[in-house]
2 protein chains.
Amino acid sequence: MADQPEPPNVRETALAWESLFRCQVTIMRRLQTLPDFRELNMREYDVLFNLKRAPDCGLRLGDLNEHLLLSQPSLSRMIDRLVTRGLVARIADPADARAVLITLTEAGAEVQQRIGRAHVRHINEVMAEGLSRDELCQLRRLTQALSDSVGPS
Amino acid sequence: MADQPEPPNVRETALAWESLFRCQVTIMRRLQTLPDFRELNMREYDVLFNLKRAPDCGLRLGDLNEHLLLSQPSLSRMIDRLVTRGLVARIADPADARAVLITLTEAGAEVQQRIGRAHVRHINEVMAEGLSRDELCQLRRLTQALSDSVGPS
DNA sequence: CGCTATTGTATGCAAACACATATAAATGTG
DNA sequence: CACATTTATATGTGTTTGCATACAATAGCG
């Protein structure tokens, strides 16, 4: 028999999660103090960011919601506000009359891009000291693998 | 000259952050659906968890706040509610009459421990499939290093 | 010392949020 | 094809949040 990779025990998993979570909180707190998110708070930016990576026809509200830590009703109302501000649009889904497709408007795409640039610059300032290129790459690989294994189910 | 470790470029840092952030959102969404957080939501649990790891005399409200993604006034009011529920107590700081020390009550410690146990079990169910023991250890090391480099400044 | 600046927490208030539920369309079933 | 069930989003309502600011105590400085 080949060596079976021993499954991680509860303690190891909990420590990894705690560290991941705390790291995210720490970075988030730093980012929130920056002026990038005065025009659009982080949750709103994240909505635009997710829409940017979506097909041109947009995303159904429920699908968009899956990527966010926000209840469905709260997202629905956030979309109301973003529509009022002209950053996104609600389009009836031609394939399902119950559904709505949310899309970025041109103004929304412009705002996302502008904030995104500043954001990325600041991310770099905050993170680049702590890890080397190689380590950042490893971190990306590990978190990606974790997302992939958790997400689908 | 020895090889200088080349500093990560903006793109690499942004990809790592995005992946880390998205991973955290994915796991969080899974955890939130579990019944662990009916008695206490995740933010509230996190407050108790942070108090658990604190010295017996407790933590000043401001210090506690540094570990949370919550504004100082919001934390102050959350503490109000937790005091009402008998889970934490406000104690005047003997060294500084402006400050308040927040401590876990016995009931609060009991609740934290009970929820914590279930939480840890579920964390393990969610995460253990995706990464090996060794990878979890690496993930922990990398996120720890990142926290350490970001936090102090 | 007296007096301004700073620090630590709390409160008024409007905005945003979650929960339960309503509405409306699609799907499944006898 | 009627009718219950499920799916997708929206709305009513009380709670929680953040912003601005008030309050209270310490620190700093002439």
Side-chain angles (χ1 to χ4, degrees), chain A residues 25 28-29 31-48 50-51 54 57-85 87-103, chain B residues 25 28-29 31-48 50-51 54 57-85 87-103:
Chain A
V25 168
M28 208 72 148
R29 276 194 70 87
L31 293 176
Q32 265 180 342
T33 66
L34 299 171
D36 300 3
F37 299 102
R38 283 239 288 267
E39 164 173 24
L40 222 55
N41 69 35
M42 232 176 289
R43 286 176 160 175
E44 291 166 335
Y45 172 75
D46 198 28
V47 167
L48 299 197
N50 273 286
L51 289 173
C57 62
L59 279 179
R60 292 160 69 130
L61 193 129
D63 294 339
L64 174 56
N65 191 28
E66 284 186 356
H67 302 296
L68 306 170
L69 286 176
L70 201 60
S71 69
Q72 176 271 314
S74 298
L75 176 59
S76 180
R77 285 185 165 119
M78 184 190 287
I79 299 296
D80 289 346
R81 298 190 295 272
L82 293 174
V83 167
T84 302
R85 295 168 67 177
L87 302 178
V88 307
R90 271 189 238 251
I91 300 179
D93 184 343
D96 186 340
R98 293 168 301 183
V100 198
L101 297 172
I102 316 294
T103 62
Chain B
V25 169
M28 209 72 150
R29 275 194 69 87
L31 293 176
Q32 265 181 341
T33 66
L34 299 170
D36 300 4
F37 299 102
R38 283 239 289 268
E39 165 172 23
L40 222 56
N41 69 36
M42 230 175 290
R43 286 177 160 175
E44 290 166 336
Y45 172 75
D46 198 29
V47 167
L48 298 197
N50 274 285
L51 289 174
C57 62
L59 280 179
R60 292 160 70 130
L61 193 130
D63 294 338
L64 176 56
N65 191 29
E66 283 186 356
H67 302 297
L68 306 171
L69 287 175
L70 200 61
S71 69
Q72 176 271 314
S74 297
L75 177 58
S76 179
R77 282 197 252 251
M78 184 189 285
I79 298 297
D80 289 345
R81 299 189 294 272
L82 293 174
V83 167
T84 301
R85 295 169 67 179
L87 302 177
V88 307
R90 271 189 239 251
I91 301 178
D93 184 343
D96 184 342
R98 293 168 299 181
V100 196
L101 296 173
I102 316 294
T103 63

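Letters A, B, ... are given to chains in the order of the sequence lines, protein chains preceding strands, and every chain is numbered from 1.
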Could you tell me whether A:Asp96 contacts a base, only the sugar-phosphate backbone, or nothing, with contacts defined as non-hydrogen atoms closer than 4.0 Å?
sugar-phosphate
What's the shortest heavy-atom distance between A:Val83 and A:Ala89, and which atoms?
CG2-CA, 4.4 Å
Phosphate oxygens OP1/OP2 of C:dT9: is one of them under 4.0 Å from a side-chain N or O of B:Arg98?
no
For A:Asp93, which residues count as a side chain to side chain contact (heavy atoms under 4.5 Å, CB included) partner, sequence neighbours excluded?
A:Arg60, A:Ala95, A:Asp96, A:Ala99, A:Leu101
Among residues 31-39 of chain A, which residues get a heavy atom nearer than 4.0 Å to DNA chain C?
none
Counting N and O atoms only, with roles assigned by atom type, does the side chain of B:Asp46 sit under 3.5 Å from a partner on the main chain of B:Met42, one being a donor and the other an acceptor?
no
Counted 5' to 3', the first and last nucleotides of DNA chain D within 4.0 Å (strictly under) of a heavy-atom of chain A are D:dT7 to D:dT13
CG of A:Leu75 to CD1 of A:Ile102, rounded to nearest 0.5 Å, is 7.0 Å
Selection residues 33-44 of chain A - residue pairs positive for side chain to side chain donor-acceptor pair (under 3.5 Å), sequence neighbours left out
A:Asp36-A:His122, A:Glu39-A:Arg114
For a side chain to side chain contact (heavy atoms under 4.5 Å, CB included) check, start with the C-alpha distance between A:Arg29 and B:Asn65, then their side-chain angles and the critical distance, and finish with the verdict.
CA-CA 10 Å; A:Arg29 276 194 70 87; B:Asn65 191 29; 4.2 Å; yes
Taking five pairs at each terminus, the helix from C:dC1-D:dG30 to C:dG30-D:dC1 shows an axis bend, to 10°, of 20°
After noting the C-alpha distance and the side-chain angles of B:Gln72 and B:Leu61, does the key distance pass the side chain to side chain contact (heavy atoms under 4.5 Å, CB included) rule?
CA-CA 8 Å; B:Gln72 176 271 314; B:Leu61 193 130; 3.8 Å; yes
Rounded to whole Å, please give me the gap between CG in B:Leu59 and P in C:dT9.
10 Å
Can you measure from CG (B:Leu34) to CD (B:Gln32) and round to the nearest 0.5 angstrom?
10.0 Å
Do the side chains of B:Val47 and B:Leu40 get nearer than 4.5 Å, heavy atoms only?
no
Protein within reach of the bases, or only the backbone? For nucleotides 14-22 of chain C, mark each nucleotide 5' to 3' as B, S or -, using heavy atoms under 4.0 Å.
--SSBBB--
To the nearest Å, how far apart are B:Arg60 CZ and C:dG8 P?
5 Å
From the list A:Leu82, A:Thr103, A:Leu64, side chain to side chain contact (heavy atoms under 4.5 Å, CB included) partner of A:Val88 resolves to A:Leu82
